[in-house]
Amino acid sequence: MRSPAVGGVMRPADGRRMQWWEGGAPDGVPIFFLHGCPDTRHAAYAGDAAAGRNGVRLIAVNRPGYGTSDACASTHLSVADDVVAVADRLGIDGFAVLGMSIGGPYALACAARRPDRVTAVGVATSPGSVPELDPPIHRDDLGPEELAFFARLATLPPDDAVAAMRSGFQAYVAQLDPADPDDTALARRFLTELDPRDAEVIRRPGPVVDGRALGSDAAIAAAVREALTNPAGYLRDAAISFASWPFRPERITCPVLLWYGDSDANVSPRNGHWLAERIPRATLVIREQTTHLAVLHEYWDEILEALRLA
């Protein structure tokens, strides 16, 4: 019988708090999960059972500014260093990484930064280097004003980009109201913001992880609160995710597995084509009739097995 999931807070050498969770098989192949935006380690909970079935030790760390992870002027490469610091504390040498959505570039940064430690990368429906895309945006459903906003965002220093994003994000958070103690009401407001097919995936009943049944109002509300109570995590992600990357995907040497959905309104499959054309050992899979969150949540077993065997 596998051990129950564990987690908590650890501190790297600089003394910051980093909130983490791990599940799956305690003695399994380690895979670090890099969550989306705004999101947290909660996004990995749905993979707990699949990780156990596939002999994977699944580990998720909240990036700076999410949950109780202290905010800082993080970059893709500093987050890669944080992942290695957690691996060191857990006694892990080599490991794979799996990035969901905005977490994908962070996963790729881990491989670019530490080729001596990262054995394989999984990217689940993530943007490419946005300024280099054609057109230079990660999704295909934006109007001219929105395209102009993101083009401007890519040229701004991180602090200025945060300032440009702050009011819109604050309005979004106010509408969701994560401080509302009513789990059912909060979960309902959050789910109405999603594609109905993704909402169905999130609502699907599952086992108890971290004290709450997956798919329940309590689990959904807890995930929303951890992701949104502190705005620093989202704002920092947004500030650097639409600018050029501080690493080159062409220099990644390990296997990279790319999964996208042809019904994903959040991240166009052309991001996957862009990455596949540049990463030497990339393999691209595009799922038919698959939405953003379903790219990962409908295929946890297949994704974790592929990374374990890569």
Side-chain angles (χ1 to χ4, degrees), residues 34-39 63-66 71-82 97 99-113 121 123-173 193 227-228 230-252 256 258 260-261 264-279 282 284 292 295:
L34 286 299
H35 60 78
C37 165
D39 213 337
R63 284 193 294 279
Y66 286 106
C72 68
S74 57
T75 67
H76 288 98
L77 297 179
S78 74
V79 168
D81 291 340
D82 286 348
V97 288
M100 169 63 187
S101 191
I102 290 295
Y106 289 104
L108 293 168
C110 291
R113 182 78 152 180
V121 179
V123 171
T125 191
S126 299
S129 181
V130 172
E132 299 180 53
L133 299 175
D134 183 19
I137 192 61
H138 59 297
R139 54 193 301 164
D140 295 332
D141 60 348
L142 302 182
E145 290 186 6
E146 293 167 308
L147 289 172
F149 173 79
F150 282 106
R152 174 175 172 269
L153 200 68
T155 68
L156 296 176
D159 288 347
D160 292 344
V162 165
M165 297 287 291
R166 187 179 297 278
S167 62
F169 182 64
Q170 287 175 335
Y172 169 72
V173 173
E193 296 288 321
L228 296 179
N230 183 352
Y234 170 87
L235 290 172
R236 187 68 190 182
D237 270 349
I240 66 175
S241 291
F242 302 106
S244 297
W245 293 347
F247 63 92
R248 292 306 309 171
E250 293 88 347
R251 296 183 179 179
I252 296 173
V256 177
L258 309 166
Y260 288 77
D264 185 350
N266 294 57
V267 180
S268 168
R270 61 189 172 80
N271 293 270
H273 288 290
W274 186 90
L275 289 168
E277 290 166 1
R278 287 160 177 78
I279 298 173
L284 173 62
H292 188 62
V295 169

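Hydrogens, waters and symmetry mates are skipped; everything else that's a heavy atom, side chains included, is used. The residues of the chain are indexed from 1 along the displayed sequence.
Between P64 and V79 there is a side-chain heavy-atom pair separated by less than 4.5 Å. Side-chain contact between N271 and V123 is absent, with no heavy-atom pair separated by less than 4.5 Å. Counting heavy atoms from C-beta on, the side chains of F242 and P127 never come closer than 4.5 Å. With a 4.5 Å cut-off on side-chain heavy atoms, R236 and D159 count as touching. For the pair V256 and L275, the minimum side-chain heavy-atom distance is 4.5 Å or more. Side-chain contact between L108 and I279: present, with at least one pair of heavy atoms (C-beta onward) separated by less than 4.5 Å. The shortest side-chain heavy-atom distance between S101 and D39 does not fall under the 4.5 Å cut-off. Proximity of S78 to R113: side-chain heavy atoms (C-beta onward) are nowhere separated by under 4.5 Å.
For the residue pair A239 and P158, the shortest heavy atom distance occurs at CB-O, 3.5 Å. Taking every heavy atom of both residues into account, A282 and L258 meet most closely at CB-CD1, 4.0 Å. I240 and S74 make their closest contact through CD1-O, 3.9 Å (heavy atoms, listed as atom of the first residue, atom of the second, distance). Across all their heavy atoms, S241 and V130 have their closest contact at O-CG2, 3.9 Å. Annotation for A232 and A71: closest pair CB-CB, 3.8 Å, computed over non-hydrogen atoms. Residues P246 and L77 approach most closely at O-CD1, 3.7 Å, considering heavy atoms.
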Should I137 and E146 be marked as a side chain to side chain contact (heavy atoms under 4.5 Å, CB included) after you check the CA-CA gap, both sets of side-chain angles, and the distance that decides it?
-> CA-CA 10 Å; I137 192 61; E146 293 167 308; over 6 Å; no
Could you check I102 against R63 for side chain to side chain contact (heavy atoms under 4.5 Å, CB included), going step by step and ending with a plain yes or no?
-> CA-CA 11 Å; I102 290 295; R63 284 193 294 279; 4.2 Å; yes
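Rounding to the nearest 0.5 angstrom, the gap separating the NE2 atom in H273 from the CG atom in L133 is 12.5 Å. Note: S126 OG to M100 CE = 7.5 Å, rounded to the nearest 0.5 Å. Going from atom CZ of F247 over to atom OG of S129 covers 8.0 Å, rounded to the nearest 0.5 Å. Taking CZ from R278 and CD from E132, the interatomic distance works out to 6.5 Å, rounded to the nearest 0.5 Å. With rounding to the nearest 0.5 angstrom, the NE2 atom of H138 is 7.0 Å from the CG atom of N266. Taking CE from M165 and CG from L156, the interatomic distance works out to 11.0 Å, rounded to the nearest 0.5 Å.
By the salt bridge (charged side-chain N to carboxylate O under 4.0 Å, His left out) test, E250 pairs with R248, sequence neighbours left out. With sequence neighbours excluded, the residues forming a side chain to side chain donor-acceptor pair (under 3.5 Å) with Y66 are D237, listed by chain and number. Considering only residues two or more places apart in sequence or on other chains, F169 meets the ring-ring contact (aromatic ring centres under 6.0 Å, His included) condition with Y234.
Under a 3.5 Å cut-off, the side chain of T155 and the backbone N or O of R152 do form a donor-acceptor pair.
Other residues, nucleotides and ligands place more than 12 heavy atoms under 6.0 Å from the CG atom of D160.
Below 30°, between 30° and 60°, or above 60°: for H76 and Y106 the angle between ring planes is between 30° and 60°, a tilted geometry.
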